[in-house]
Each structure stands twice: as C-alpha cells, then as structure tokens.
Amino acid sequence: MKYYVTVPIYYVNAAPHIGHFYTTMVADALKRFKTMHGYDVVLTTGSDENSVNVERAAAARGMSPGDYSAIIAEEFQRTWRDTGLGVDRFFRTSDPRHHATVQWLFQRCQENGHIHKGSYTGQYCFSCNLYVNDAKAGDPCPDCGRPTETVTEENYFFKLSAFQDKLLALYDEQPDFMQPEIRRNEVRSFVKEGLKDLSITRSNLTWGIPVPVEGKHIFYVWFDALVTYLTAVRDENLWPADLHLIGKEIIRFHAIYWPAFLMAAGLPLPKRIFAHGWLLFENDKMSKSRGNIVRATPIQQVIGIDALRYFLLREVPFGADGSFSYDALVGRYNADLANGLGNLVSRTLSMIHQYRGGAVPSSQNDAGAEVAAKAQEVLATFSAAFEAFEFSRALESVWSLLGVVDKFIVKQAPWTLVKKTDEASQQTLDTTLYTAAEVVRLATVLLAPVLPESARKIWAQLGMNAPLESVRIDQLAWGQLAAGQKTLTPEPVFPRIDAKIAIPKMIELESVEKARQDALLGKAKKEEEAPSNIAPLEPVITIDDFGKVDLRVGRVLTAEKVKGSDKLLHLTVDIAEPQPRTIVAGIAEDYQPEPLIGRKVVIVANLQPRKLRGITSQGMIVAASLPDGPAFLAGFLEDAPIGARLK
RNA sequence: GCCGGUGUAGCUCAGGUGGUUAGAGCGACGGUCUCAUAAUCCGUAGGUCGUAGGUUCGACUCCUACCGCCGGCACCA
C-alpha cells in the first residue's frame, strides 16, 4: 500500500522558518503514522525558483538565479535533515526533469483543446506573481501593497472558465477533497462567482520553463510549481497524491487551478487537500517587518525538536490559526512531557528495578483491568483522531491514559506492597508494575510519529528489541509486553526546563540563527536593519514629471464611513476652492472619521476623478504605509495655509 | 456590504437531536504519599455560558436583533 503526501515546494525568497517547519513536520508525523500502519509512504517537497523575483533578488546580490536558488534550496534541505524530517524527494523547479513534465502537461492540455493564445495588458505584481484586475498603473498590489507594474503580453491562456461546473461537482461529490470544511465552502463560493481564463505564460522573463516548440514564453509560476507534485513521482506510479498538505494562503491554486489543469490533461486528481492555518507569534502575524519570525533549530537546540513537534500538534487545533509563544512552549513541555510522560516512564522503570531486579514481571491478577480497558479505548480514539487530522485530540487521549495510570499507581501503592510478604500483595505488585510498563509501551508506540527521538529513547529503556519504527500501530493490543523483559536504568527523557534560563537561551540562539541565514543570503548589515518589506523605489523621473502632480494642503470638513465598505471614508476637503472636494479614501481601517474633521492633510488635486461605491472621488489623500501595515496621513507641523501647493 | 465561522472559569478548550448542583487540562492555592524529573495523588478555586429580547413547563444548547473577533468575497482609484 502506498501513501503519497506532499507539502508545498517553498519559495526561495526567504530562508526556512517555523511556518515551513510546521507544514513539513505535520507531513512527517503523518508519514510516520502511516508507515506504522504498513504503508509505503513518500513525502515530497522542493524549492520554487522560477520567478522574476528570484531573478531580481539574485541580480541584487550579483549572483545568477540558479546559484542564488541553490543556496536557499540547500538551506531548506539542511533544515529538514537537522530537524529529522523524513523528506523523500526534494525537487527544484530548475531540475530539467521537471521542465519536461511541465511541458508534457502543457501539451496534453493543448491537445485536449484547453489552451488558447490571447493578449493581455494589465497590472502585475511581480512580488506576488499576480495579475491585478481593474488596477491602474502604479496601483498597489492588493496582497502585498507594493506597486504593480504595467505589462502587455501575448500569452497562452488556460481555459479555466470551462471547468467551473466540473469543479463545483468535485467539491460536492467529494466533500473530503478540500478540508477543513470552512475552506471547502470558501473555495466553492469563489468558483461559483465565476472563473476567468488563466494566463499561464509570461514573455517578460528568461529564468523559468519555456513553452514547448516556440520557446519564447515562460510558464507562469503556478503552472510550474504545482506540477512538481507530478514530477517528483513521475516514474514511480505514485500519482495521484493521497494528500496535499498546504497553508491556507495557497488554497486557490491547489483547490481550483490544480484540479482543473489535471482534468484538462486527463489525469487523476489528488485525493485530498488539507489547508492548515497560520502560526502567530503571541497572537500577532509573524512577519519580517515585525521582526518576530521564529525558527525551529534554535528551539531544537534548547529543548529538543520533539518538544516543538509536540507543542505544535497538541496546542494548535489543526486547521485553525495557532499561537506560538515561548511561555506556552515551555509550559506544555514541563506539564505534559516532563511531569506527565517523562515522569511516568521514570517512576515505572525505577520501581521495576528496585522491586523486581529490572525484569518486567508478569500480570498475576485483574488489578489492572480498568487501566487495560482505558488503554484499549485510547488505542481506538487516538488512531481515529489522527486519521482525521485531529492531532490535538489524539494526543489528549494519550495523556488521559497517562493520568489514569498515575492514579492507578498511587492507588495500588507498590511501595507499600513491596513491604508485604503475602502472596496476594506480591501478585498485585507484579500486576501493577506490568500494567504501568504496558501503558508506557503502548503510549510510546502511539507517540512515536509525534515524538520520534524521545519515543526511541523510551523504547530502548523499556528494553524492547524490535525497532520502534517497525511496530504496527494497527496491531497494537493490551498485553503484548513480554514478561521477563530486561529494562534499562531510567534516565530522564524530558528533564524539567527552567523557563527563566531556557527562554532567553532560545531567544539568543534565534538571533544567532537569523544572523547566520542573513549572511547566507548575502545581506549587508545595514540592509538587515531596515524592514525588508519596504517597497522598492520607482524608476527615476524628471522634475517635469513631478510637476504634473498637483499636491495641495487641505482641511477635512466632514468625514464619514462609506456604507457597504470596510475600508472607505467619505471626506469633504477644503483646498481653498469655491466648493470643497469630495474625496473617498481607503483609510477607514486606520482612522475613525470624527477625529479627522479639521485636520490638515495633503491632497492630490489633479487626479482623474473616479467613482467608488457610487461616490465620485475628486482626488486622493496622501498617506504613508508599509505593505502590511497601517496608513499614516501626511500632515504639517506648522500651520500651512489651505490650498497651498506642495512642491 | 455579502457569505461563513466564532464569542463558555486567569489561559487553552469540551459541551449530537433543549431538562437534576455547566465540565476537562494548564496555571494558582491548601494538603498528601514517597516509586519518580521539588514529579504523582487529593481537595479548593465558584465562570451574568458576548448583550438584549423571544419560543418553551424548562435553554449554554432553538429563534430574532445587536455587539466583538476571525476568515473569504467585494473593496482599498
């Protein structure tokens, strides 16, 4: 039985961080879980290298796109190696085999009549690789806020519009195709609104995969990147994938474009797509500009990679956004891993050593029956939850078992039994120790996919001979632990962590790691200090060009929210004309209307009027912003006269 | 604005088809055992179950409106 799971190929615009780790680690845990059910699992990922952005970033560092990408691709692979993630194939989009697959897929679509040529003039965001509909020259990209650039191209189009009904049928007939359900609904309603044909080539780049035969056009990044899922296993009869694991930001590409491409080429569709949420840092979005990005390896160095794996799978309900914080991480570690699992292993093995010479006794009576029943129940609960991607619930069920055993041990009080010489007490002591050890064994197997390193240690301490990885979870049952087995002297698997020491250490190592990655990317020190999402400078203009822009000092007379819009404010502004100007400004998320009244602002006074939500905006208000940040209105420290022109 | 989700103890969350004193884990506090990693175990902590109405013999659980938060779409020229 095969199981093919993918995580995205990661874009080489950034070095790996905890978000990349999250997706990949979940895939790794699933892989281990499936392997322990007898599946041959293949996990693939790679690097997404073909884009103008990469070309530009490489050029800025005086490198070729290939060399630049290679450095980052290696950095990703190194991270997966260091953190023990079982990635089977790492595919670079620059790989010639991949080029062949993309071209092959294109030709199949073409043969089936789903490709046509057309021309396009519009605004394009090079940062996001996204065409922006209805935008004008220089308008900001709706996703990243950087200015869009005008492009006119003759391109190949994919007839996406022809797949609307088929896609809707897919979502309805195969509810598991897109999960969680929330995401499926979003995708469905998006498709229902209507699909436009998709331009799948570009003619303005050189770094990428050329269209077959003619060779002038380069494939659009998503026609390229998604196809690595095919390329990675092309000769292995593994397609279709059993699971695409993705982050919620790339749902549209996976749940709409990708199945449409495959349908057009007459290929089987992936069985399921699961989109997880984002990891926030203490409830804030992680971003370069906030400087709150966390990496996996510094955490690994201080408390081990298993602690991070456990935290992410236990603390965050899979699918929803989750919050990472060092406090919560250490809290989980101490409460669940050190005090819970680690301590149970420790006390169990220690008693077996002191009371029974380090050999697991056999169960003599039914003193442990309730624990056994609970364990059987947890075996079922755990696997069902894990299959359903409810990792948090799965882990919770194991800990509920650990809690039962801890209570059981106290109730039986082996330390009292050992002092009694009667047969019954000795039998109960044996049974108690066996019961505890059997729970440790079962829990260790169940937890192996989540805590691979630690489980292996516990397994060894228990004296188990068979390799843990080869144990079949679906064949686990109570009572399989062999009596007489020799255990090792326990050593703490999860030593308690002092948050006061560990957290500063992690933070310190984090900054070391960041510096190392920055150096790797050839970032200069000065550049590093500036927020890296500052919009790139526009091309040089002449003084005459600037002279065309008529900026005026104005005073806000009235301000109110525009009905039906989250972002628009309806302002009237006095710029010393007979009539005040009506201006619609997209600042409602950052400014309340009332406090604006009376405020002096800067207006672009000669902008072509435009209707917004039924109101004609006669100009534009000047504000500063970072791509994902709030707007700041321009103003004056002195009392600038209304109507004065800015030059 | 439209669509969807959500709002339960300090924190993270459970609470099919309405019905005795609303639950768990963590944290906090008190106590205990001593096998154990100052761990375990026991007990306590008493939260208007977002707000206001409504249906009902009875609602956290159903309905309506409103508020807050999250997401998608629209939109941010």
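- Following rounding to the nearest Å, L569(A) (CG) and C76(B) (P) show an atom-to-atom distance of 14 Å.
- When rounded to the nearest whole Å, the span between NZ of K196(A) and P of C73(B) equals 14 Å.
- Rounded to whole angstrom, the span from the CD1 atom of I497(A) across to the P atom of A38(B) amounts to 13 Å.
- Between F391(A) atom CZ and C13(B) atom C1' there is a gap of 18 Å when expressed in whole angstrom units.
- W415(A) is linked by a side-chain hydrogen bond (donor to acceptor under 3.5 Å, both in side chains) to nothing, counting only residues two or more places apart in sequence or in another chain.
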Per-pair distances, 0.1 Å, donor-acceptor, side chain in residues 185-192 of chain A, under 3.5 Å, sequence neighbours excluded:
from: E186(A); atom 1: OE1; to: R183(A); atom 2: NH1; distance (Å): 3.2
from: E186(A); atom 1: OE2; to: R183(A); atom 2: NH1; distance (Å): 3.2
from: R188(A); atom 1: NE; to: D172(A); atom 2: OD1; distance (Å): 3.0
from: R188(A); atom 1: NH2; to: D172(A); atom 2: OD1; distance (Å): 2.8
from: S189(A); atom 1: OG; to: N185(A); atom 2: O; distance (Å): 3.4
from: S189(A); atom 1: OG; to: E186(A); atom 2: O; distance (Å): 3.1

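- When the C1' atom of C73(B) is taken as reference, atom CZ of R183(A) falls 13 Å away, rounded to whole Å.
- Separation of the C1' atoms belonging to G53(B) and G16(B) is 27 Å when rounded to the nearest angstrom.
- Projected onto RNA chain B by closest heavy-atom contact, L402(A) and E491(A) fall at different nucleotides, the more 5' of which corresponds to E491(A).
- Going from atom CE of M178(A) over to atom C1' of G4(B) covers 14 Å, rounded to whole Å.
- When each of N185(A) and W278(A) is assigned the nucleotide of RNA chain B bearing its nearest heavy atom, the one mapping closer to the 5' terminus is N185(A).
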Contact string for nucleotides 26-36 of chain B, one letter per nucleotide 5' to 3', B = base within protein heavy-atom range under 4.0 Å, S = sugar-phosphate only, - = neither, reads S------SSBB
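- Here R252(A) lies in heavy-atom contact (under 4.0 Å) with sugar-phosphate atoms only.
- With C41(B), G5(B), A14(B) as the choices, the nucleotide that has an atom nearest any side-chain atom of K407(A) turns out to be C41(B).
- Under the rule for a side-chain hydrogen bond (donor to acceptor under 3.5 Å, both in side chains), the partners of D422(A) that lie at least two apart in sequence or sit in another chain are S425(A).
- Counting non-hydrogen atoms under 4.0 angstrom, P414(A) reaches nothing in the nucleic acid.
- With sequence neighbours excluded, the residues forming a side chain to side chain contact (heavy atoms under 4.5 Å, CB included) with T428(A) are N365(A), A367(A), Q412(A), L417(A), T432(A), listed by chain and number.
- In this model, the phosphate group of A38(B) is not approached by any side-chain N or O of R496(A) to a distance below 4.0 Å at OP1 or OP2.
- A9(B) sits 29 Å from U56(B) when the C1' atoms are compared, rounded to a whole Å.
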Q. Would D176(A) and R184(A) count as a salt bridge (charged side-chain N to carboxylate O under 4.0 Å, His left out) if you check the C-alpha gap in whole Å, the side-chain angles of each, and the deciding distance to 0.1 Å?
A. CA-CA 9 Å; D176(A) 278 359; R184(A) 190 191 66 161; over 6 Å; no
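- Non-hydrogen atoms lying under 4.0 Å from RNA chain B are contributed by E186(A), F190(A), all within residues 186-194 of chain A.
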With both pairing distances under 3.5 angstrom for Watson-Crick or G-U wobble, and | for a partner in another strand, the correct string for RNA chain B is (((((((..((((.....[...)))).((((.........)))).....(((((..]....))))))))))))....
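- In this structure, CZ of R184(A) is placed 12 Å from C1' of G4(B), rounded to the nearest angstrom.
- Atom name C1', nucleotides G5(B) and G46(B): the rounded distance is 31 Å, in whole Å.
- Not counting sequence neighbours, D306(A) has no partner by the salt bridge (Lys or Arg N to Asp or Glu O under 4.0 Å) test.
- Comparing the P positions of G54(B) and G15(B) gives a spacing of 29 Å, expressed to the nearest Å.
- When the side chain to side chain contact (heavy atoms under 4.5 Å, CB included) test is applied to V601(A), the partners found at least two apart in sequence or on another chain are V556(A), V573(A), R599(A), I603(A), I621(A), L633(A).
- Heavy atoms of V493(A) sit under 4.0 angstrom from at least one base atom.
- Applying the salt bridge (Lys or Arg N to Asp or Glu O under 4.0 Å) criterion to K500(A), with sequence neighbours excluded, gives no partner residue.
- For the side-chain hydrogen bond (donor to acceptor under 3.5 Å, both in side chains) test, no residue two or more places apart in sequence or in another chain qualifies with N343(A).
- Residues satisfying the ring pair (Phe, Tyr, Trp, His ring centres under 6.0 Å) test with F311(A), not counting sequence neighbours, are F324(A).
- A donor-acceptor pair is defined here as one N or O able to donate and one able to accept, closer than 3.5 Å; such a pair exists between the side chain of H353(A) and the backbone of L488(A).
- Side-chain atoms of L568(A) lie closest to C75(B) of the nucleotides U40(B), C75(B), G15(B).
- As a whole-Å value, the separation of L312(A) CG from U12(B) P is 17 Å.
- The shortest heavy-atom contact between D321(A) and G277(A) is OD1-CA, 3.3 Å.
- Aromatic rings from F382(A) and W399(A) are positioned such that their centres are separated by 6.0 Å or more.
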